[in-house]
Number of protein chains: 2
Amino acid sequence: MSTKRALTDRESALPALAEAFREHGFEGATLAALSKATGLGKGSLYNFFPGGKDEMMKAVLENIDGWFADAIFSPLENVSDPAAAVTAMFDDVTAYFRSGRRVCVVGCLGLNSSGETFAVEVKDYFARWISALAHCLEVAKVPPAMAMDLAEEAISGIQGAIVLARALSDDTSFQRIVHRLQSTLLDAIGRCG
Amino acid sequence: MSTKRALTDRESALPALAEAFREHGFEGATLAALSKATGLGKGSLYNFFPGGKDEMMKAVLENIDGWFADAIFSPLENVSDPAAAVTAMFDDVTAYFRSGRRVCVVGCLGLNSSGETFAVEVKDYFARWISALAHCLEVAKVPPAMAMDLAEEAISGIQGAIVLARALSDDTSFQRIVHRLQSTLLDAIGRCG
DNA sequence: ACAAGATTGTACTGATAGGTACAAGTGATC
DNA sequence: GATCACTTGTACCTATCAGTACAATCTTGT
């Protein structure tokens with residue numbers, strides 16, 4: 001337990017870092033803000049993340065990707081009951097994004113030039129999510145082309161719901177939109193299964 | 001023509017300012033970047049926009065809102081042929097956002113805390129767009145509740161398509177998603193009309 | 001308890017941010 | 001062509017940025 005503690009604290013700072021990046025964006029998240037959010041001084045932050053903000057964001061993205069892999073992607077990829085998996089996915093996503101009050105860090109990074117450094121991570125995140133969902137639909141006997149279209153539409157739709165819910169400061173619009181996306185997928189599963 | 005020229009030049013700087021804000025976001029758009037984008041020195045920028053970046057963004061938002069009012073909202077609000085109006089809207093939107101290569105400034109502003117200053121403008125933009133589209137659907141005899149839902153879904157879907165297309169650097173996904181949204185609306189118009 | 005090493009706050013750096021001041025420049029009007 | 005309001009580049013201001021240096025402090029194995 002000598003070198004482990006560093007990693008532990010580094011790991012435990014990630015949620016707070018993620019929240020700060022979510023709130024202010026990558027450019028807007030100053031080191032002062034990150035320090036305040038984590039409760040760590042500059043010294044500690046640079047001790048854990050010698051690469052500065054870039055490394056912090058990389059770590060945050062890895063952390064998010066890990067969470068999604070466990071909670072969202074894997075269940076879709078190793079699915080046995082597609083309808084249940086789709087329902088679970090939407091429940092988890094709604095909880096994760098707090099009905100749109102919480103922004104998608106990955107999606108935001110893609111929107112402006114400050115995120116170009118992380119283009120690969122951003123791309124992989126969405127590509128994996130879509131293909132996992134498409135696979136789940138294919139298991140439910142949805143034709144591959146249609147499965148891909150529906151998956152793309154659903155992931156895109158979730159991102160749009162976040163944008164709109166934030167813009168209108170209205171959780172309910174997120175819930176309505178996401179619920180409609182879920183119904184569309186379940187309908188397809190029901191029709192083809 | 002003494003005081004007019006100021007307004008004219010101020011107006012003509014707006015597209016370049018908008019493009020810079022689009023590219024870098026509000027925080028990321030430094031005065032140096034804005035100066036370079038417009039070809040105007042700091043002196044000129046502060047001459048036209050004494051309020052600094054905030055006033056520039058306000059002016060850009062007004063300009064965007066004006067364009068949308070003319071090109072998108074009005075045709076929907078004073079519609080005679082709903083199906084044609086919906087088709088025209090999607091054509092215009094696809095061209096405007098360059099199939100997702102161009103980001104929606106308004107949507108982006110809503111996503112992080114730097115845009116809180118413009119919360120009202122952001123909200124109004126989306127609210128008017130949705131209600132204009134809903135009105136257009138109602139003219140096509142789509143029941144009010146369904147019209148509202150479909151409009152919300154379409155605008156949200158467009159925003160999502162931008163996020164996804166940017167993230168994947170893939171124009172075609174934008175086009176597929178938007179085309180599907182268009183079909184959904186035209187189907188509803190066809191069924192109810 | 002003690003030494004070795006990890007961790008942290010604080011003070012610093014140079015660069016750059018947004019914004020101001022202002023003198024030089026511009027062109028229309030009389 | 002002199003005047004005048006408007007326009008513009010440049011130099012400058014203070015605050016804050018990301019990042020560094022390091023001494024002080026804490027942990028931990030022995």
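Within every chain, numbering begins at 1; the chains are lettered A, B, ... in the order of the sequence lines, protein sequences first and strands thereafter.
- To the nearest angstrom, P of D:dC17 lies 8 Å from NZ of A:Lys42.
- Residue pairs meeting the salt bridge (charged side-chain N to carboxylate O under 4.0 Å, His left out) criterion with at least one member in residues 23-38 of chain B: none, sequence neighbours excluded.
- One can place CG of A:Asp54 at 11 Å from C1' of D:dA18, the figure rounded to the nearest angstrom.
- In this structure, A:Tyr46 atom OH and D:dA21 atom C1' are separated by 13 Å, rounded to whole Å.
- Computed from coordinates, the B:Asn47 CG to D:dG9 C1' distance equals 12 Å when rounded to whole Å.
- Looking at A:Glu152 and B:Arg180, a side-chain N of the basic residue comes within less than 4.0 Å of a carboxylate O on the acidic one, giving a salt bridge.
- At whole-Å resolution of the value, NZ in B:Lys53 and P in C:dG18 are 4 Å apart.
- Between the side chain of A:Lys42 and the backbone N or O of A:Ser35 there is no donor-acceptor pair closer than 3.5 Å.
- Put simply, CD on A:Glu138 and OG on A:Ser131 are 9.5 Å apart, with the number rounded to the nearest 0.5 Å.
- In this structure, the NZ atom of B:Lys36 is 13 Å from the P atom of C:dA17, given to the nearest Å.
- Near DNA chain C, defined here as any heavy-atom distance below 4.0 Å, the residues from residues 18-32 of chain B are B:Ala29, B:Thr30, B:Leu31, listed numerically.
- Taking the charged nitrogens against the carboxylate oxygens, A:Glu19 and A:Arg22 do have a contact shorter than 4.0 Å, which makes a salt bridge.
- For the pair A:Arg10 CZ and C:dT7 C1', the interatomic distance rounds to 15 Å; values are reported in whole Å.
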Check: residues 81-88 of chain A side-chain donor-acceptor pairs under 3.5 Å, at least two apart:
residue, atom, partner, partner atom, Å
A:Asp81, OD1, A:Ala83, N, 3.3
A:Asp81, OD1, A:Ala84, N, 3.2
A:Thr87, OG1, A:Ala83, O, 3.0

